[in-house]
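Sequence lines set the chain letters: A, B, ... in the order given, protein chains first and strands last, and positions in each chain run from 1. Keep in mind it's a predicted model, so treat the numbers as computed, not measured.
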Amino acid sequence: MQQDYQPRDIEAKAQQHWHERQAFRAVEDSTKPKYYCLSMFPYPSGKLHMGHVRNYTIGDVLARYHLMKGYNVLQPMGWDAFGLPAENAALANNVPPAEWTYSNIDYMKRQLKLLGLGIDWSRELTTCQPDYYRWEQWLFTRLFQKGVIYKKLATVNWDPVDQTVLANEQVIDGRGWRSGALVEKREIPMYFFRITQYAEELLAGLDTLDGWPEQVKTMQRNWIGKSYGVRFAFPYTLDGRDEKLWVYTTRADTIMGVTFVAIAAEHPLATRAAQGNPELAAFIEECKRGSVAEADIAIMEKKGTDTGIRVTHPLTGEQVPVWVGNYVLMGYGEGAVMAVPAHDERDFHFAKKYDLPIKPVIVPESWKGVAVDPDRITAGRSKTDALSGEELHRVSPVFLNTVTHDAISWVSWHEQYAREGVCAESGKYNGMTQSEAIDAIAADLAACGLGEKKVQFRLRDWGISRQRYWGCPIPIIHCPACGDVPVPDEQLPVVLPENVVPDGAGSPLARMPEFYVCVCPKCGGKAKRETDTMDTFVESSWYYARYASPGSTTHLVDKKAAQQWLPVDQYIGGIEHAILHLLYARFFHRLMRDEGLVQGDEPFRNLLTQGMVVAPTFYRVAGGGKKQWINPADVDLDTDPKGRPTAAKLRADGQPVVIGGTEKMSKSKNNGVDPQAIIDQYGADTARLFMMFAAPPDQQLEWSDTGVDGAHRFLRRVWRAAHDHVALGVVAPYSHGELSAAAKALRLQLHLTIQKVDDDIGRRKTFNTAIAAVMELLNALAKFDEPGLAARSVVQETMEAMTLLLAPIVPHISQALWAELRPGSDLLDQPYPQTDLAALVQDEIELVIQVNGKLRGSLQVPRDTDKAALEQMALAHHAVQKLLAGATAKKVIVVPGRLINVVI
RNA sequence: GCCGGGAUGGCGGAAUUGGUAGACGCGCUGGACUCAAAAUCCAGUGUCUGUGAGGAUGUGAGGGUUCGAGUCCCUCUCCCGGCACCA
């Protein structure tokens with residue numbers, strides 16, 4: 001009896017069945033290879049968004065695929081539950097962050113279950129619960145005692161009105177998001193993880209990560225930023241004392257071109273120079289305004305002030321001015337840089353702005369030893385002025401020793417030359433290449449005790465103190481007598497009180513004596529508990545390990561469980577985490593390794609970074625020019641006969657709206673599509689199928705209502721094809737015997753499809769092309785209507801294989817169809833389909849004929865036709881004959897199995 | 001600003017190792033079925049040109065390498081992600 005495809009019923013039934021069978025419960029099993037499949041856990045922000053659906057569907061497809069392939073699969077889920085949005089919600093709605101968070105978790109968990117994810121829910125973890133963060137605190141105290149964690153001053157955004165520290169996100173155009181006050185920089189004490197101690201190892205480890213996208217590894221490499229340079233000093237005398245101003249440079253070869261030194265506003269020398277220099281003091285004060293975000297600093301107008309201090313160039317002995325520059329970062333290198341305007345873009349603009357000298361000392365290598373055209377260079381500026389610098393050295397290459405100073409400085413004045421070259425006007429270093437010059441200069445600096453070669457990292461230590469309430473308390477007790485004392489094991493966890501509503505003015509913990517008043521564990525004296533909490537990145541840096549034994553009350557992770565499951569075989573998450581989260585997790589894995597908790601160096605063997613989900617935007621301009629964003633679901637589109645959108649109307653009032661760009665789904669643009677609505681209307685399988693089909697996983701995915709219709713239509717076609725077949729009675733799938741040409745062709749396509757889908761999901765992870773191949777197979781099956789038992793056995797084989805190939809992607813409908821195709825058996829027990837190599841053998845193949853690389857025809861030839869025969873056939877082809885017009889071909893290229901190209 | 005990525009029909013995308021550009025899906029056009037609509041099915045669908053067979057052209061722009069380039073190299077434009085306190 002045939003019935004329509006009813007996703008609601010079959011999905012509920014399938015989910016119930018999986019639940020009863022405990023189908024996704026992960027247990028230790030040494031007889032099968034393990035596959036730990038992990039999707040980045042969600043922040044419980046309210047309800048699931050499409051990005052979550054995409055992320056978790058990708059993970060689920062891979063988990064279910066590996067389950068069918070015979071792996072022992074672990075796919076857990078949890079909640080990254082501490083964070084700023086809970087505090088924002090608390091401010092807006094006057095609810096404690098805990099309550100808001102827990103109710104979001106309840107709701108989102110129900111939604112995840114409706115998606116039909118094959119998750120082992122018995123391992124669920126929530127980072128804001130004491131049984132989780134207790135182990136974070138435990139690890140913190142270990143690392144603190146080891147010296148991996150230490151305290152130092154760090155710069156933060158300070159809102160002078162709200163009297164609170166602001167996250168970068170809360171600084172908008174240099175002002176506090178709530179108060180609108182100009183943000184200031186302020187230095188406060190913070191705890192730091194010594195991640196720089198692991199910089200070398202984190203860098204080297206990238207080379208072992210074959211399963212990571214090259215782009216992510218490149219970003220991490222650049223972030224760690226290992227550079228080989230020279231640290232050296234400019235001596236000076238101040239207040240009668242001899243001192244040294246240290247700088248770091250990767251371009252020591254340009255040292256002879258130094259015309260000033262720039263230091264950060266926070267540099268101690270700047271502070272000293274500002275005493276008795278009101279202009280400088282004012283400038284330093286000005287530098288304190290604005291956010292600490294590097295992107296903000298980088299796009300700022302470059303400004304500076306002369307300190308009046310002069311230092312001595314270590315090689316030339318010249319006096320060089322010291323400037324304070326707002327573009328020099330205190331946190332990198334020495335907080336001071338040598339400035340070579342002729343060969344550094346920032347220095348160049350700075351020098352032009354303040355009329356500082358520009359002294360070129362590097363020329364392109366092509367200038368060396370090439371014939372001179374003195375007329376072009378020396379005859380005067382009238383000629384060279386007309387040429388750009390690039391043209392100058394292209395048109396008139398010159399001997400190094402005959403380059404006039406004028407010519408070089410003309411080039412450099414108009415465009416700095418930051419690339420590699422050879423030294424000029426550099427005395428004894430003239431003519432040296434970059435590396436020769438760096439060696440020679442470093443040696444000379446070392447000889448006078450003013451410098452040495454040094455390896456430097458861009459990576460900075462990780463400050464984890466947050467002056468916020470909704471986070472993991474830092475387990476430190478401040479004792480006036482004993483200093484910073486870690487909370488002893490038996491007093492852990494330091495529990496965060498959950499019934500607190502923050503008010504946006506600093507951390508409420510700092511105003512709760514019941515939280516912070518305590519006794520020193522060392523001396524028993526009166527002490528104060530630390531009220532800062534940890535960066536939420538700390539929780540997400542080790543949760544993957546906790547999933548191995550989430551319930552352990554005695555260990556951070558049970559040793560046997562860690563051995564069974566770690567490392568993660570496949571990690572899936574947004575590309576926006578390419579650097580910070582993934583680097584911190586790699587760092588934490590090493591910290592845990594060094595504590596003897598886990599084995600191996602890397603936490604994630606394979607990584608898939610998924611793209612964003614985007615959607616069209618629509619708006620109206622309300623009074624005051626403010627855009628009022630309208631949800632795409634409420635808009636009707638008019639199109640021209642070609643399907644191009646011409647106008648959009650709000651359905652509610654029929655009046656036009658403006659069509660905006662296609663942007664990331666977000667609340668602010670009101671272009672989010674609620675996954676719940678899609679699941680309610682079409683079912684989870686349609687939502688999953690559309691997500692996997694619309695784009696490859698690592699690219700952005702554009703939401704399309706009609707695309708969802710198309711996905712649903714395909715599932716209905718599969719449903720109908722299966723039922724049409726079953727209605728005539730199921731038969732045994734094809735195993736052997738003679739077949740018609742059409743049946744053979746169908747089997748050929750079937751087994752090519754199995755091969756492709758297996759490869760697309762297992763190796764390439766291009767789910768969109770896997771689905772397209774199954775769609776083509778269904779199209780072929782629909783055209784095949786041969787009677788007879790042999791033909792029906794091929795249809796049975798095709799239908800069964802198609803159901804199994806689709807099972808990881810659309811598990812509910814597959815579960816239901818399998819039960820009809822093989823009454824009494826359970827899809828959960830089926831292995832992945834295997835390619836029958838015998839079905840792939842073809843007698844004839846098609847070859848393409850090209851003339852000069854252009855398609856001109858094709859040939860059907862027996863599979864093993866030899867090259868000479870192919871050339872003959874191609875030359876005899878009428879299209880080739882026509883173009884040859886009696887002449888002979890210059891050359892014939894045969895690409896076996898593909899094409900023949902005749903060159904004429 | 002710095003680092004990383006992307007750009008292919010009306011739209012999402014395919015082309016896996018330099019070898020038939022546009023698979024698959026959406027949309028659109030025409031047809032069948034229907035009193036009608038929905039659903040479904042069939043055919044067509046890059047652009048220009050031609051009655052047609054066909055021809056020319058075409059992968060963000062410009063140049064290059066090659067028998068052959070969406071794919072490799074150089075220069076440029078625009079869009080997206082990250083930039084250490086959003087997660």
Walk along nucleotides 67-73 of chain B from 5' to 3' and tag each nucleotide B, S or - by protein heavy-atom contact under 4.0 Å, base first, then sugar-phosphate. B------
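- For Lys756(A) and Glu776(A), the salt-bridge test fails: no basic side-chain N is under 4.0 Å from an acidic carboxylate O.
- Taking atom P on both nucleotides, rC78(B) is separated from rC41(B) by 46 Å, rounded to a whole Å.
- Taking the six-membered ring where the residue is Trp, the centroids of Phe690(A) and His712(A) are separated by 6.0 Å or more.
- Other residues, nucleotides and ligands contribute over 12 non-hydrogen atoms within 6.0 Å of the NZ atom of Lys353(A).
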Could you go through nucleotides 52-58 of chain B and list every protein N or O atom that sits under 3.5 Å from one of its N or O atoms, giving the distance for each pair?
none

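- Scanning RNA chain B for stems, defined as runs of 3 or more consecutive Watson-Crick or G-U wobble pairs whose donor-acceptor distances all fall under 3.5 Å, gives the following ranges: B:1-7 with B:77-83, B:10-12 with B:24-26, B:27-32 with B:40-45, B:46-49 with B:54-57, B:60-64 with B:72-76.
- Between Phe41(A) and the choices Tyr571(A), Tyr544(A), Tyr543(A), Trp79(A), the ring pair (Phe, Tyr, Trp, His ring centres under 6.0 Å) rule is met once, by Tyr543(A).
- Nucleotides rG12(B) and rC83(B) place their C1' atoms 31 Å apart, quoted to the nearest Å.
- Rounded to an integer number of Å, the gap from CG of Asp4(A) to P of rA39(B) is 14 Å.
- Rounded to a whole Å, the CG atom of Asp698(A) is 18 Å from the P atom of rG4(B).
- By the side chain to side chain contact (heavy atoms under 4.5 Å, CB included) test, Arg346(A) is found to be paired with Lys302(A), Tyr327(A), Asp344(A), residues two or more places apart in sequence or in another chain being considered.
- Atom name C1', nucleotides rC35(B) and rC26(B): the rounded distance is 31 Å, in whole Å.
- The phosphate of rC26(B) (OP1 or OP2) has a side-chain N or O of Arg713(A) nearer than 4.0 angstrom.
- Taking atom OH of Tyr327(A) as the reference point, atom P of rC2(B) lies 15 Å away to the nearest angstrom.
- A donor-acceptor pair under 3.5 Å is formed between the side chain of Gln610(A) and the backbone N or O of Gly51(A).
- Contact record, Arg468(A) with Leu166(A): NH2-C, 4.0 Å, taken as the closest heavy-atom pair.
- rG52(B) adopts an anti glycosidic conformation, its chi angle falling more than 90° from 0.
- Residues from residues 756-767 of chain A lying near RNA chain B, meaning a heavy-atom separation below 4.0 Å, are Lys756(A), Asp759(A), Arg763(A), Arg764(A) in numerical order.
- For the P atoms, the distance from rG68(B) to rA21(B) is 14 Å, rounded to whole Å.
- For Arg720(A), taking side-chain heavy atoms from C-beta onward, the closest of the listed nucleotides rU40(B), rA23(B), rU20(B) is rU40(B).
- Both Ser704(A) and Arg898(A) lie close to RNA chain B; mapped to their nearest nucleotides by heavy-atom distance, the more 5′-ward contact belongs to Arg898(A).
- Remark: the separation of the P atoms in rU51(B) and rG60(B) is 33 Å, to the nearest Å.
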Where along nucleotides 80-87 of chain B does protein come under 4.0 Å, by heavy atom, of base (B) or sugar-phosphate alone (S), with - for untouched nucleotides? SSSBBBSB
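- A 6.0 Å sphere centred on NZ of Lys152(A) holds more than 12 heavy atoms belonging to other residues, nucleotides or ligands.
- Rounded to an integer number of Å, the gap from Asn768(A) CG to rU16(B) P is 13 Å.
- If you take atom P in rG25(B) and the same atom in rU45(B), they sit 15 Å apart, rounded to whole Å.
- Residue Glu702(A) places its side chain closer to rC11(B) than to any other of rG1(B), rA21(B), rC11(B).
- In the displayed structure, Arg221(A) atom CZ is contacted under 6.0 Å by more than 12 heavy atoms of other residues, nucleotides or ligands.
- With respect to Lys185(A) and Glu266(A), no salt bridge is recorded, no charged nitrogen being found less than 4.0 Å from a carboxylate O.
- Aromatic pair Phe693(A)/Phe767(A): centroids not less than 6.0 angstrom apart.
- The same atom, C1', is picked in rU8(B) and in rA15(B); the two are 10 Å apart, to the nearest Å.
- One N or O on the side chain of Arg458(A) and one on the backbone of Trp223(A) form a donor-acceptor pair closer than 3.5 Å.
- Going from the C1' atom of rC28(B) to that of rC72(B) covers 38 Å, rounded to whole Å.
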Please test Trp462(A) against Tyr584(A) for ring pair (Phe, Tyr, Trp, His ring centres under 6.0 Å), starting from the C-alpha separation and ending with a verdict. CA-CA 9 Å; Trp462(A) 175 17; Tyr584(A) 292 150; 3.6 Å; yes
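- Around NZ of Lys226(A), the count of heavy atoms belonging to other residues, nucleotides or ligands within 6.0 Å exceeds 12.
- The two residues Gly176(A) and Val183(A) come nearest to each other via the heavy atoms N-CG2, 3.5 Å.
- Within 4.0 Å of Asn779(A), counting heavy atoms only, lie sugar-phosphate atoms of the nucleic acid but no base atom.
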